[in-house]
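These notes are about the structure you will find just below.
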2 protein chains.
Amino acid sequence: MKTAPDTPADLSAQIASELRDLIVSGALIVDARLPSEAELAEQFDVSRPTIREALKRLAAQSLIRTERGAFGGAFVNRMSYGEARAQLVTTSTLLLTMNEVDFDTACEARFALERACAPMVAARRQDSHLGVMRSEIARQRSPGLSDEAFCASDVAFHLALTDGAENPILSYHLAGAIEAMQPLMNMITYSARSRSRIIDCHEAILSAAEARDGDGIDAGLDRLQNYTSDLAHLVMTERAARKAARAASPDSSPLNQMEKPK
Amino acid sequence: MKTAPDTPADLSAQIASELRDLIVSGALIVDARLPSEAELAEQFDVSRPTIREALKRLAAQSLIRTERGAFGGAFVNRMSYGEARAQLVTTSTLLLTMNEVDFDTACEARFALERACAPMVAARRQDSHLGVMRSEIARQRSPGLSDEAFCASDVAFHLALTDGAENPILSYHLAGAIEAMQPLMNMITYSARSRSRIIDCHEAILSAAEARDGDGIDAGLDRLQNYTSDLAHLVMTERAARKAARAASPDSSPLNQMEKPK
DNA sequence: GACTTTTAAATGTCTGACAAATGAAAACTG
DNA sequence: CAGTTTTCATTTGTCAGACATTTAAAAGTC
């Protein structure tokens, strides 16, 4: 199933791809030094700028790092959790915002993944996790909180919950699912009443986590998913109504809709 | 906690970061055309090669695409599922292989996420999904199958299962979790007996999916996780024993040299 | 009007050069 | 000789300019 590109890719893309394969396959191990740009240019029979573009592509994916100076060069980079997470969040966010993914689909996926943490959270959560969740709930109660700040705190709460599973790989994947939803969540206006209901869910989840009650966490997340979904529907019908009301105005706003593609 | 870089980043990295923010924030919408390289060079007051390196960084993350010719240029790229998936798999794979993540942690995360699909698969799976799963099980029964091919078929089986949830966002996340495990799974040697047991699990999962039995899928995945974990432990202890037995032999592995193309 | 040619704009690539950083070796000093 | 300073080679970062290639619109031709 090899790619037979109709239009042969750029040289820098081809070279980046070859080097990427060497790294992913393990032929080049962590901290291994790649040949200098001049040597690579000679080996691949291209000019140095072309090699540099290839290396920048790899650097953008955190596959290599470069050091200047005498014994510097390009080195295979150890993929850190932080870098991996940043990549994942960027990619997931754009996947959601650019593809008219309907809110329910994204929401369902996110909460399904989050519920997967429940049993482990119940078994392993530490006081530190509960502490973060508690303080985020307190923040969410602040009267003057903007919708964006409320959402950010919501994300922090859920990340703390998933961290409670004490599985960094799971936390990594969940960060992608949860943080990527933030732009979509930010489109919702949270009234005092809706905030209160969300906080109720958070408290139920926190209590269940304290009691090491996996099913309770699950139930709390389920309630939260349903309510979030309802809220989003409300916002969308409201928005659609407003739009229909002034259908004459040439509203060419490029805002991404959250509508179902099917 | 804003960027206070101890070592100021490269110009191309800074510029790439600025443009990336514009895209992620939505200031540049899908298919929007960026200024030409010459214009960008003038705007940022840098040379064209520097701008090009910045653009290549963005291209490597599938944030932009470039088209040649008059009225060509760099355009904001719609993040497709395929591109997002490829990015995710690369990142996740390297995260696992470069960080000495222990097998149980990765395995636990992967199966936890996969179990999250079970209820949705039970509710929505189509005959096409069952068909793929069935044919992959058949392939896994082939006598001459290499360990790598067996693993690949295993991955295909599980991807078909998760696709059964009929939620593309969920499939995207699961692809990252499942495919990233393949290098780790490839380190295991699958005896005829162990293959048989794995296939048993697959059949149990398939039957449960046919019967729309979510708990059955869950149970099958749980069994599979336990058995996979046991297998991995066996391989590890075996390998450790072999290594200890011939601790004196100076196995000088031939270093991976970069081969010259062309 | 349909087809062909021209042309302008843009990316892809190359050459050559210089600046800046960096660590190692050489030179120097006490 | 020990310790410090200087020099220096290597490598990445950046720039300027040029040419090749691609592409679609514009102009020209029948």
Side-chain angles (χ1 to χ4, degrees), chain A residues 3 5-20 22-23 28 31-78, chain B residues 3 5-20 23 28 31-78 257-258 260-262:
Chain A
T3 55
D6 43 357
T7 58
D10 299 346
L11 281 177
S12 69
Q14 292 176 234
I15 293 168
S17 180
E18 285 193 39
L19 294 175
R20 178 163 38 241
L22 290 179
I23 295 174
L28 291 172
D31 290 336
R33 180 180 176 281
L34 275 64
S36 73
E37 294 175 355
E39 288 171 323
L40 285 172
E42 196 181 358
Q43 288 184 21
F44 285 99
D45 198 31
V46 296
S47 68
R48 210 180 129 220
T50 301
I51 288 293
R52 280 183 63 79
E53 287 177 9
L55 293 180
K56 294 314 167 202
R57 294 179 115 109
L58 299 179
Q61 294 180 297
S62 301
L63 293 178
I64 63 170
R65 64 177 185 281
T66 54
E67 295 173 13
R68 297 178 69 169
F71 282 63
F75 298 85
V76 178
N77 188 41
R78 161 164 277 120
Chain B
T3 57
D6 43 356
T7 58
D10 300 341
L11 282 176
S12 69
Q14 292 175 232
I15 293 168
S17 180
E18 284 193 39
L19 294 175
R20 177 162 39 239
I23 295 173
L28 291 172
D31 290 336
R33 181 181 176 280
L34 276 64
S36 72
E37 295 175 353
E39 287 169 323
L40 286 172
E42 196 181 356
Q43 286 183 25
F44 285 98
D45 197 32
V46 296
S47 67
R48 191 156 83 98
T50 301
I51 288 292
R52 280 183 63 78
E53 287 177 10
L55 294 179
K56 293 315 169 202
R57 292 178 118 109
L58 299 179
Q61 294 179 298
S62 302
L63 293 178
I64 62 171
R65 63 178 186 281
T66 54
E67 293 172 13
R68 298 180 66 171
F71 293 76
F75 297 84
V76 177
N77 188 41
R78 160 164 278 120
Q257 286 291 32
M258 304 252 326
K260 303 180 169 78
K262 191 169 168 188

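Chain A is the first sequence line, chain B the second, and so forth, proteins listed ahead of strands; every chain is numbered from 1.
- Not one side-chain nitrogen or oxygen of Ser12(B) sits closer than 4.0 Å to the OP1 or OP2 atom of dG13(D).
- No side-chain donor-acceptor contact under 3.5 Å links Arg52(A) to the backbone of Ser47(A).
- Annotation: Glu42(B), atom CD; neighbour count of heavy atoms from other residues, nucleotides and ligands within 6.0 Å does not exceed 12.
- Contact detail for Gly72(A) and Arg33(A): the closest heavy-atom pair is O-NE, 2.8 Å.
- As rounded to whole Å, 8 Å separates atom P of dA24(D) from atom CD of Glu67(B).
- Comparing atom distances between the Arg68(A) side chain and each of dA19(C), dT22(D), dC14(C) picks out dA19(C) as nearest.
- Between Phe71(B) atom CZ and dA9(C) atom C1' the separation is 8 Å, expressed in whole Å.
- Taking atom CZ of residue Arg65(B) and atom P of nucleotide dA10(C), one finds them 16 Å apart after rounding to whole Å.
- With rounding to whole Å, Leu40(B) atom CG is found 14 Å from dC15(D) atom P.
- For dG12(C), one of the phosphate oxygens OP1 or OP2 lies less than 4.0 angstrom from a side-chain nitrogen or oxygen of Thr66(B).
- Distance from the side chain of Asp10(A) is smallest to dT13(C) among dA21(C), dT14(D), dT13(C).
- Comparing dT14(D), dA18(D), dT23(D) by their nearest atom to the side chain of Arg52(A) picks out dT14(D).
- The separation between Glu37(A) atom CD and dA17(C) atom P is 18 Å, rounded to whole Å.
- Phe44(B) places its CZ atom 16 Å from the C1' atom of dT14(D), with the value rounded to the nearest Å.
- Which of dA8(C), dC14(C), dT14(D) sits closest to the side chain of Pro49(A) comes down to dC14(C).
- You'll find that the side chain of Glu53(B) is closest to dT14(D), out of dC14(C), dA9(D), dT14(D).
- The separation between Glu42(B) atom CD and dA16(D) atom P is 12 Å, rounded to whole Å.
- Smallest separation of non-hydrogen atoms from Phe75(A) and Asp31(A): CD2-O, 3.6 Å.
- Per the geometry, CD1 belonging to Ile15(B) stands 14 Å off P belonging to dG13(D), to the nearest Å.
- For dC14(C), one of the phosphate oxygens OP1 or OP2 lies less than 4.0 angstrom from a side-chain nitrogen or oxygen of Thr50(A).
- Taking 4.0 angstrom as the limit, Arg33(A) places a side-chain polar atom (N or O) nearer than this to OP1 or OP2 of dT11(D).
- Along DNA chain C, the nucleotide nearest Leu11(A) and the nucleotide nearest Arg48(A) are compared for position; the residue whose nucleotide lies closer to the 5' end is Leu11(A).
- Between Leu34(A) atom CG and Leu58(A) atom CG the span is 8.0 Å, to the nearest 0.5 Å.
- Of the listed nucleotides (dG12(C), dT10(D), dT14(D)), dT10(D) has the atom at the smallest distance from the side chain of Ala70(A).
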